[in-house]
Amino acid sequence: MPLSAELEMFSDTDRSLMSQALAQGKHALPGCLPNPPVGCVIARNGAVIVSGYTQPPGQHHAEAMALSQLDTTLDGLTAYVTLEPCSFAGRTPSCALALISAGVARVHVAMLDPDPRNAGAGIEMLRQAGIEVTVGLLSDQAQQQLTPYLCKVP
Ligand SMILES: [Zn+2]
């Protein structure tokens, strides 16, 4: 996609919320290792409702941590996640499923997860469920922050 189209796709609010998600991700280190330090912000009408970051292995991923703080079901939620939500259940349940169950309307993902168990499958699950998904918001910053921690081999 040409850069100009990408710039038009996202608002300043979107950029600000994704940069808050990136800031959340920084809180994950070093407790989250060997999992990547992902951050997640869930917003409604441009305002942050809850946020989260990767917890130590076996505990909540960023998305699950954020969703666990929602005490009621809200419509019109938008999630900003620095890495593609996981499609597979590993030590913890799938975050893509958790976002679907919570009825999130829109998900902005900064970068795809190169892990071959995911690699676009998380995005596909969200889209199949009727969620509007974009990929690439602040992707340079996300890649800088996450690439050293991502698993590329099964
Ligand atoms: Zn996950």
Side-chain angles (χ1 to χ4, degrees), residues 10 14-44 47-154:
F10 303 115
D14 289 332
R15 275 184 275 273
S16 153
L17 289 164
M18 185 60 89
S19 92
Q20 291 180 57
L22 286 161
Q24 283 293 317
K26 288 184 188 150
H27 297 309
L29 289 169
C32 65
L33 297 176
N35 291 328
V38 178
C40 173
V41 159
I42 295 178
R44 192 160 184 264
V48 177
I49 308 271
V50 288
S51 58
Y53 51 87
T54 318
Q55 300 296 295
Q59 298 177 39
H60 284 324
H61 288 178
E63 303 90 320
M65 177 185 170
L67 290 169
S68 74
Q69 297 165 75
L70 283 175
D71 41 14
T72 164
T73 310
L74 294 172
D75 58 6
L77 293 177
T78 302
Y80 295 80
V81 196
T82 59
L83 183 69
E84 175 183 4
C86 58
S87 55
F88 54 90
R91 280 175 289 231
T92 66
S94 152
C95 290
L97 262 186
L99 290 163
I100 293 166
S101 310
V104 169
R106 206 169 300 102
V107 178
H108 294 294
V109 172
M111 66 176 287
L112 289 178
D113 182 1
D115 185 322
R117 292 171 299 173
N118 213 15
I123 304 294
E124 193 49 35
M125 275 177 71
L126 296 172
R127 287 195 172 135
Q128 291 286 337
I131 297 177
E132 193 185 308
V133 186
T134 74
V135 178
L137 174 57
L138 301 191
S139 64
D140 288 354
Q141 281 158 261
Q143 293 198 21
Q144 226 171 34
Q145 185 174 331
L146 290 167
T147 299
Y149 305 102
L150 294 176
C151 156
K152 294 183 186 81
V153 270

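Just so it is clear, the values below take in all heavy atoms, side chains as well, and ignore hydrogens, waters and symmetry mates. Just so you know, these numbers come straight off a predicted model, no measurement behind them. Atoms within each ligand, like the ligands themselves, are counted from 1 in listed order.
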Main chain of Cys40, side chain of Glu63: is a donor-acceptor contact present, judged purely on distance under 3.5 Å? no
Rounding to 0.5 Å, atoms CG (Asp115) and CG (Leu150) come to a distance of 8.5 Å
Using distance alone, with no hydrogens and no angle criterion, decide if Gln20 and Gln24 have a side-chain donor and acceptor under 3.5 Å apart.
no
Those residues at least two apart in sequence (or on a different chain) that pass side-chain hydrogen bond (donor to acceptor under 3.5 Å, both in side chains) with Ser19 are none
**Asked** Less than 4.5 Å apart, any side-chain heavy atom of Pro36 and any of Thr54?
**Response** no
In Ile131, Thr134, Val133, the residue satisfying side chain to side chain contact (heavy atoms under 4.5 Å, CB included) with Ile123 is Val133
Listing protein N, O or S under 2.8 Å around the Zn ion (ligand 1) gives His61 ND1, Cys86 SG, Cys95 SG
